[in-house]
Every structure is written in structure tokens, then in C-alpha cells.
Undergrad: 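Mind looking over this structure? Questions follow.
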There are 2 protein chains.
Amino acid sequence: MKPTSHGQLTSSRLDATFAALADPTRRAILARLASGEASVAELAEPFAMSQPAISKHLKVLERAGLISSGVDAQRRPRRLEAAPLAEANAWMEKYRQFWEANFERLDAVLEELKTLEATEPTTRRKKK
Amino acid sequence: MKPTSHGQLTSSRLDATFAALADPTRRAILARLASGEASVAELAEPFAMSQPAISKHLKVLERAGLISSGVDAQRRPRRLEAAPLAEANAWMEKYRQFWEANFERLDAVLEELKTLEATEPTTRRKKK
DNA sequence: TGGTTTCATAACCTTATGGTTATTTAATGG
DNA sequence: CCATTAAATAACCATAAGGTTATGAAACCA
């Protein structure tokens with residue numbers, strides 16, 4: 001794919017963060033790291049997946065800045081670096097009103113359904 | 001890719017949401033829709049991209065539940081359905097302490113740098 | 001009716017993603 | 001030194017993702 005092209009200049013961090021979070025294995029790895037640093041083998045243990053596959057996932061997380069790597073003998077313990085989540089969270093905050101509104105609207109709809117019957121008999125709106 | 005396999009049963013919604021958010025074009029589309037519903041042509045206008053490409057992005061957003069489609073003559077106006085962001089936000093909340101802690105730690109580090117010099121002379125930790 | 005507008009779909013291409021096995025590198029401990 | 005352990009890297013494969021152009025379908029309007 002061509003490099004972004006259309007503008008949206010500084011989005012690559014968010015791209016990487018959201019993309020990293022889009023995989024359940026990687027989210028599980030982050031969950032594990034939330035309870036303390038762990039070696040690659042330890043991180044791989046719960047998964048029916050080869051060690052190199054886990055290493056790839058770790059690389060994705062690392063490139064997104066969500067984890068970092070230490071050195072302990074042959075081990076390369078990973079630890080959580082949740083800072084990029086702050087940016088992702090900031091992005092989501094802009095939409096908070098919408099999903100909160102949606103829940104309110106759902107409540108309203110449920111309330112409406114108790115009291116009122118069919119109002120618009122298959123209204124076919126024309127033009128705008 | 002095999003179907004998840006390892007567990008994490010109900011993650012596909014989150015997968016779809018985060019994956020949808022991982023593209024700057026799609027985030028820009030959501031931003032546009034935050035100021036009201038819009039036709040496909042209107043959504044496509046800011047981008048140096050063909051209309052089918054935009055339609056594909058819309059399909060991704062739709063499958064993630066982030067937008068929905070209406071009918072108005074030939075137009076198929078899309079509107080924002082931010083509800084899936086609630087789930088994503090809930091997921092991130094679990095890590096809030098970590099990225100907030102990171103900022104606090106950064107503050108602490110900056111504070112430390114003002115007062116103290118080299119403490120650990122190239123400490124090479126052995127074993128655990 | 002028939003042309004125009006609006007969008008979706010199909011077919012195709014290229015690159016990215018997620019996995020595999022096999023091999024290499026690095027550091028430890030005897 | 002050498003065998004072992006831990007993880008990275010390479011090479012490969014199948015499928016998904018993001019784009020293109022060309023075509024089709026549905027609803028309007030003159």
C-alpha cells in the first residue's frame with residue numbers, strides 16, 4: 001500500500017497502536033504483562049503457537065511502543081509500556097459523547113417501546 | 001489464518017473495532033461523521049482515492065458497527081455509531097493506571113535528573 | 001422511456017499479516 | 001571449551017488488506 005498519501009500526517013503512531021491492539025493474542029500478551037515482566041517463553045506458554053510466532057507479535061507490540069525489552073542473561077524480558085494507550089484514549093475521548101449518547105438513546109428507545117405503538121407507517125422519505 | 005484457536009472467545013468485536021481504527025482514512029471518515037451524516041460522495045471528497053476504495057473502508061467500519069447506513073433516494077448516507085468505542089474504551093481502562101503511572105514516572109525521572117548523578121555504574125545484573 | 005446520478009460489486013494487483021519449520025546467535029553453567 | 005538454553009532470524013506459505021479500473025443496479029428527472 002502506498003504511504004498514506006492523502007494527508008493525516010502524524011497518524012502513524014495511532015495506526016501502529018490500534019493495529020497492535022487488533023489481535024487477541026497481542027491483547028492477551030499485554031494482559032499478562034500487566035501483572036509483571038515476563039520472558040518470551042513465559043509469554044508463549046499459554047498459546048498453541050510456535051515461539052517465532054510469539055516473537056513476531058512481540059515485535060509488533062514493540063514497534064507500537066506498547067512493550068519494551070530488557071536483558072537478563074539469555075532472557076529478554078518484556079515489560080508493559082502503556083504510554084501509547086494514552087494517545088489512543090485521547091483519540092477516543094473525542095467520541096465519548098457519541099457512545100454515551102447512544103446508550104442514553106437506547107434507554108430512551110426502550111422507554112418509548114413500553115408506551116407507544118407504530119408511529120410512522122412505513123414512511124418512505126423522498127429526497128432530502 | 002486459523003480461527004483464533006487459543007481461546008479469547010469473545011474478542012472478535014474488539015478485533016474488528018481496533019482494526020477499523022487502525023487506518024487513518026477510516027479515522028478521518030469517523031471524524032467527518034461526528035459532524036453529521038454524509039453521503040458516500042461527500043465522504044470520499046477529501047481523499048485522493050477512488051470511490052470504490054471509500055466504499056471498502058465504509059464496509060470495514062460498518063462490519064465493526066462504527067457506522068450505519070440510511071436510504072435517501074440514490075444516496076446511502078452514513079452516520080456514526082460510536083457504541084463499539086465503549087467496549088474498546090472499557091478494554092483500555094484496565095491499563096489506565098499503567099499509562100498514567102508512566103507519566104508520573106516520567107515526572108519523577110525528570111525530577112531525579114535535576115538532583116542526582118550516576119548511581120548505578122553499568123550494573124550488570126546476573127541471573128534473577 | 002431513457003439518460004444521469006449514486007453507489008455497490010467484481011476482478012485484479014501488490015503488499016502486509018500471521019503462521020510454519022529450520023537455522024543462527026548469544027549467553028550460561030558445568 | 002562445550003553442551004544447553006533462550007530467543008531471534010530466515011525462508012516460505014496462505015490469506016487478508018488496501019488500492020485500482022471496469023461494470024452493474026437502483027432511483028431520480030426531463
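Values below: every heavy atom of this structure, side chains too, minus hydrogens, waters and symmetry copies. As the structure is a prediction and not an experimental result, all values here were calculated from the model. In what follows, chains carry the letters A, B, and so on, assigned in the order in which the sequence lines appear, proteins first and then strands, with residues in each chain numbered from 1.
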Undergrad: Round to a whole Å and report the spacing from CD1 of A:I54 to C1' of C:dT17.
TA: 15 Å

Undergrad: Would you mind reading off the distance between B:K56 atom NZ and D:dA16 atom C1', rounded to a whole angstrom?
TA: 10 Å

Undergrad: Looking at B:L43, is its backbone amide N or carbonyl O close enough to the side chain of B:R32 to form a donor-acceptor pair, meaning the two atoms are under 3.5 Å apart?
TA: no

Undergrad: Name the closest nucleotide to the A:P52 side chain, picking from D:dT9, D:dG19, D:dC28.
TA: D:dT9

Undergrad: Counting only N and O atoms by type, is there a donor-acceptor contact under 3.5 Å from the side chain of B:E87 to the main-chain atoms of B:P84?
TA: no

Undergrad: I'd like to know if A:Q51 reaches the base of D:dA6 with its side chain such that a donor and an acceptor end up less than 3.5 angstrom apart.
TA: no

Undergrad: By salt bridge (Lys or Arg N to Asp or Glu O under 4.0 Å), which residues pair with B:R63, not counting sequence neighbours?
TA: none

Undergrad: Under 3.5 Å, is there a donor-acceptor pair between the side chain of B:Y95 and the main chain of A:A34?
TA: no

Undergrad: Is there a side-chain polar atom (N or O) of A:S50 under 4.0 Å from OP1 or OP2 of C:dT20?
TA: yes

Undergrad: Between atom CZ in B:R63 and atom P in C:dA8, what is the gap in whole Å?
TA: 15 Å

Undergrad: Tell me whether B:D72 contacts the main-chain N or O of B:R75 through its side chain, where contact means a donor paired with an acceptor under 3.5 Å.
TA: no

Undergrad: Counting only side-chain N and O atoms of A:S55, is one of them less than 4.0 Å from OP1 or OP2 of D:dT9?
TA: no

Undergrad: Can you name the nearest heavy-atom pair linking A:R79 to A:L33, along with the distance?
TA: C-CD1, 4.3 Å

Undergrad: Without decimals, in angstroms, what is the distance between A:D72 CG and C:dG29 P?
TA: 10 Å

Undergrad: Looking at A:K59, I'd like to know whether one of its side-chain N or O atoms comes within less than 4.0 Å of OP1 or OP2 on D:dA7.
TA: no

Undergrad: Whole angstroms only, please: what is the CD-P distance between A:E45 and D:dT5?
TA: 18 Å

Undergrad: As a check on the pairing definition, encode DNA chain C in dot-bracket form, counting Watson-Crick and G-U wobble pairs whose two distances are under 3.5 Å, and using | for partners outside this strand.
TA: ||||||||||||||||||||||||||||||

Undergrad: Choose from D:dA8, D:dC28, C:dC7 the nucleotide whose nearest atom is closest to any side-chain atom of B:A73.
TA: D:dC28

Undergrad: Would you mind telling me which of D:dA7, D:dG18, C:dC7 lies closest to the side-chain atoms of B:H57?
TA: D:dG18

Undergrad: Mind checking if A:A53 touches a base, just sugar-phosphate, or nothing, with heavy atoms under 4.0 Å?
TA: base

Undergrad: Rounded to the Å, how far apart are A:I67 CD1 and D:dA7 P?
TA: 12 Å

Undergrad: With the side chain of B:V60 defined as its heavy atoms from C-beta on, choose the nearest nucleotide among C:dT6, D:dA8, D:dG18.
TA: D:dG18

Undergrad: Check the distance between C:dT6's C1' and B:E42's CD and give it to me in whole angstrom.
TA: 11 Å

Undergrad: Starting at atom CG of B:D23, determine the distance to atom P of D:dA17, rounded to an integer number of angstrom.
TA: 12 Å

Undergrad: With a 4.0 Å cut-off, would you call B:R96 and B:E93 a salt bridge?
TA: yes

Undergrad: Can you check whether A:R26 has a side-chain N or O nearer than 4.0 Å to OP1 or OP2 of C:dG18?
TA: yes

Undergrad: If you measure only the distance, is there a donor-acceptor pair under 3.5 Å linking the side chains of B:S69 and B:R76?
TA: no

Undergrad: Between the protein and nucleotides 24-26 of chain D, which nitrogen or oxygen pairs are less than 3.5 angstrom apart?
TA:
none

Undergrad: Would B:F47 and B:I29 satisfy side chain to side chain contact (heavy atoms under 4.5 Å, CB included), going step by step from the backbone distance to the final call?
TA: CA-CA 10 Å; B:F47 302 102; B:I29 288 174; 4.1 Å; yes

Undergrad: When you measure from the side chain of A:E45 to the backbone N and O of A:E42, does any donor-acceptor pair fall under 3.5 Å?
TA: no

